[in-house]
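A quick write-up on the structure given underneath.
Here is how names work: the chains are called A, B, and so on, in the same order as the sequence lines, proteins then strands, and each is numbered from 1.
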Amino acid sequence: MGLTGDLWTFNVGCGGLEAIVHGLANGLLRQEDYHNITQCDSLEDMKLHLAGTDYGQFLQNEATLSSKVITERALDRLVNDFKWLRANAPWPLGEFLDYITYEYMIANVLKLISGARSGKGTLELLQKTHPLGQFEGIGALTAAQNIDDLYDLVLGDSPIGKFFQRTDRTDFDEFSMEYIRSLLHKNYLEHFYKFCEEIGGDTWMVMKDLLEFEADRFVVTLTRNTYGVKELQKDERKKLFPEVGQLVTVHEDLANIDDDDALKDKLRPFPDLYALVQDLSMDDPANSLENKFMEKSVQLHKDSLQRQFHYGSFFSLVKLRELEVNNLMWIAECIIQNHRHRINEYVNIFEA
Amino acid sequence: MPSPISGLWRSEDMVLMQLHMQREAAHDTILSLGHSGLVEFKDLNTDVSAFQRLFTNDVRRCEETERRLRYFEDQLRRSRMPINLEVPVQNENLDTLEPRLESLEQELRELNGKYEQLLDQQNSSLEFKAVLEQPPGFFRGDTGEQQQLGVRETTGLLETGRSGALRYICGVIEQDKYNLFDRLVYRATRGNMFIRATPCETPFEDPFTGKQQEKAVFVVFFSAQRVYDKIVKLCESLQASTYPYNIDNPREVQQMQSKVNDTITNLERTITATKAVRAELHNNIARNIYAWKRTVMTEKSCFNILNQLSYKGSTVVGECWAPKDGIDTIRQALTEADRASKAQVRSFLEVIDTDAIPPTYFRTNKYTEGFQDIVDSYGMARYKEVNPGVLTVVSFPFLFGVMYGDVGHGIFITLFALALIFAEAKLQAQKLNEIFEMIFGGRYLLLGMGIFAIWMGFLYNDMFGLVLNFGSAPYWYFPTDAQDAMAKCDDGYVRWHGVTADHTQACKLKGGSVYGFGIDPMWADTEGKLTFLNGLKMKMAVILGVMQMMVGEVLQLFNHVYFFDWKHILFQFVPEVIFLMFTFGYMDLLILIKWTTNWTAEMANNHTPPLILDTMTKFFLGVGAVEEGQYLYANEKTQQTVQMILLFTAVLSIPVILVPIPLAEFWSRKNRRNFEPIRGPRDGIVLLGDYQERQRQARQRKGFAAACAACYGTFDDEPKHKTGLPRYQTDGGGLPGIDQEDPNALEEEDTDFSEVVIKQIIHTIEYVLGCVSNTASYLRLWALSLAHAELSEVFLKYAWFRPLFVDPGIGIVAWGGWSAWFAFTLGVLLLMESLSAFLHALRLHWVEFQNKFYHGDGRKFTPYALREILPNPMQMKALVSGEE
């Protein structure tokens, strides 16, 4: 039954919040909403249509519309909903929700460092960070000049400090950045996985699938992205693979491969993953592995929202809502730039 | 026979009208109609998506203007400027208002931008000044008497004594961020630094949010040049501003100080001027904003309506529903609009025939509104259906009173309701909180409930659990033994009949007479009181219940008669009434017989009163059998015969409800199928009433006759209506039927027919079982009343009287007891109990009463009325003063 309680006791602490989450999930834009907004000729029309959805009057105080404004306001809405949930969450749901934000914190940290390296102003950079991934002193990251600084200055105290391990790399070259990103993400997944296991109950059952999928996705993507990268020793490559997921058993093999055929071969024992990679080709963007993983994860998140008495629905809601915001950005951009033929390439959350 | 009645009893006569206007006059006409608030427009462009409509751009302009107004409101909220709530006479429209507000917004934004910039500059100068004003010791590490935020020092760093060898940065930072800054700098320099800070005396106004911020002056000493960049970045990331300060050159400091002071004086002058200009602007806005807001909202609603009209060349056609008796007002509004818009072609109205079901519209007043709301929240009445709201006006508070009968509590509720009613005008103007607003909305309901609670309280002779005695000589006496009985009783020893009341002997008091009103006070504190009251209240509940259900049946009759539905009168109303009357109606009759029989005399003949429960059980299970000596009237034999006939008829009426209606439907369909090509009047299955007569009446009542046909399927063997809209046939349950033109109709008929059968089966079962369960359900009247009486008695006795008697004489305990009693009375009886009685009365109306006749599947008439849309002054005031 775990820390969350089950059928009997879950609702004592989290029933209300869970109901809100399911309500918000019901408010996700449906296929017909997407159909309507992709028909729009201008952002004004888009605003008009969105006014009829759960987004309501979220653009009413905007004098001029741009895809940036729409995205920002939509993201604000997500952030407000999330903050409200977080503010009302009892333990351990609160900690669980914090775990969701850690992913955004990691992304922010990397964004700030690479931004600072390219010499942009601190304030400008801070404005570009994801609002869910804010933490105290994040701005000071721009003062860091190498990885040790990074840890000493900020990360040590921050919630994501625990995901960080000292390595022998100290400079912020491009490779190191990617290396840190992978390392942080790996540790994040492992910690989150462990935390969910501690929570136990239905949460564990749902989150186990979700996180294992995330981990597998991460392993496969990392493997593909590091074909033949000389800086990365094979054993170091393996160190970046999270010790979570179906693929744990073949990590050794995956660390050594350098082409798609070998990858397919190694994934053959895992039917659902193999289904995603089997007709992989580098040229067709609509059919890319990334898209397939995305579709699969949407499916998993939707499944998670079908169940009750677990925390996974909070996680899934945030993920789906984030996708929705990205979709809105994509559609708005397509409308502005008049790329009608590509407007339907948003991530389909509810199939027609 | 029924005539077209309008009003609260049946909804207003509605007509569908077509409105033809010149295109140029459309705007003014719609506005004029909006002021009259009598028409509901139909959307004629349902197939056109929202952004393809003609006036979408204008709606957008309105929204843009509304956004400007919201900006102004926000500004006024900040400046706390009182707004003018009068509505000026001259009317502006969007075209004149838009450019004005646009330039106003621009002006205001520019001014605000300038102001923010100036404030920002002033803040920097003030910060610099604060840095410069620090005593030199602050920069040298003297601890002094200054209040310090914090000092961190690494030993040995300053021992060199030469500040020149050290580098330093000084600046100003928000106090909240100082600790973080301190920590970060410490880490960035690996502890190789010295930092100190002191708070600034005056807070700084944030130029963007207008909030006051506490700031602190800090100085950091460090040795390595390499660290300098890091610290500067840290300052940047924490929005700390750094200032050049030369520790070693006091003269330069002095010069800077006077320079900064000059700047500040200059800035202050400019800021004051800017503020004055801004205040002027705000004043201008505050004077007009309410009028602007009304104008924009009016225009927006108007454009939304215009989007629903259809445009052909230079004419505009709109369709709208309106109450029939409002046509004159509407015509007048049109004429006025024509005059105002100087249209060359006059707008005109045309009432059109339709098969569409009109919306339901009841004109309510302050008093009936609350009751109508109760009915509406169950379901809006069908067009022209009998409105249960009329009877609810009395029956609702009455049933509440039956459950809540207590003089004392009733007085409280009445007073509360009266208070609300007297404060009506004042409260209406305010924005109330949600729960209180609900109570306030039901104030007249509460008044009725209170009055009936008092009335029933007198009948029950109950006030806070105490008994009232108005001094009239009582009737009953309860002797303790035979001797007592001989002495006090009038005519010997009469047993009061109770269920387990062998020990409860009661008799008529010598010289006593029947107590004037309600229950005899002598019953108070006797052992038999509860049994006696239970018997009485239970029976009363059942009698009231059967009565209310019968009223429901009669209302059903009214509906059928009104819609010429003879089929349903004969095969639904009549058997249903027979069933109800011959079973539970008969039970009520037995109760009355039992009450009115002189049992003293009867018992002399060895005829003891039988239990009603037993009699009724035998009535149903023993087919009317009456046991020896258990008769209530005449004799065993007669009663048995009567009961057998009643039961037989009642059972027989069940198949009468079940079979004929689907059968009639079947025949009517069969006929129609056989004679499909024939168009014109033909004899379908008109079971009663003359077809010609019906048609004549139908013609008379054109407009809603068609709608009635659509509702009730009474005209379903008439020729098809000329407009060719789909028609509906029902068995009274609102079943969508078939269109005769439809080629697939034959197949559909079969499926529909099975639905008719199933519906009728369900209806029959529901009704028959419902008679039993609904009658039982009315027992809640007794149960709630019992609970109420018992609770108030218990609270009185145990919370107040007990402490009263143990009180040592100083009154503390008595006071405590009284407080507890009053708290219980208030919390449990006045709040919770009244709510529960209210809900049970609600249920009895919604379920037991309304299921006998009420369809409640109509659509509410929602006219385009500007007075509903526009904000009233109070709302506006709340909006601008920031109260939500």
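Annotation: side chain of R60(B) is in contact with side chain of D45(A) (closest heavy-atom distance under 4.5 Å). Residues T56(B) and E44(A) form no side-chain contact, since every pair of their non-hydrogen atoms from C-beta on lies 4.5 Å or further apart.
Other residues, nucleotides and ligands contribute only 12 or fewer heavy atoms inside 6.0 Å of the NZ atom of K68(A). Environment of NZ in K114(B): sparse, with no more than 12 heavy atoms of neighbouring residues, nucleotides or ligands closer than 6.0 Å. Counting non-hydrogen atoms of neighbouring residues, nucleotides and ligands closer than 6.0 angstrom, the OH atom of Y228(B) reaches no more than 12 such neighbours. For CD of Q60(A), the number of neighbouring non-hydrogen atoms (other residues, nucleotides, ligands) closer than 6.0 Å is greater than 12.
Taking both residues in full, the closest heavy atoms of R67(B) and N61(A) are given as CD-C, 3.4 Å, listed atom of the first, atom of the second, then distance. The minimum heavy-atom distance linking L184(B) with A140(A) is given by the pair CD1-CB, 3.5 Å.
Atom CG of L126(A) and atom CD of Q239(B) lie 7.5 Å apart (nearest 0.5 Å). Within the model, atoms CG of L141(A) and NZ of K233(B) stand 11.5 Å from one another, a figure rounded to the nearest 0.5 Å.
With a 4.5 Å cut-off on non-hydrogen atoms, E62(A) touches chain B through its backbone but not through its side chain.
No other option in E236(B), R70(B), E63(B), E66(B) has as many heavy-atom pairs under 4.5 Å with chain A as R70(B).
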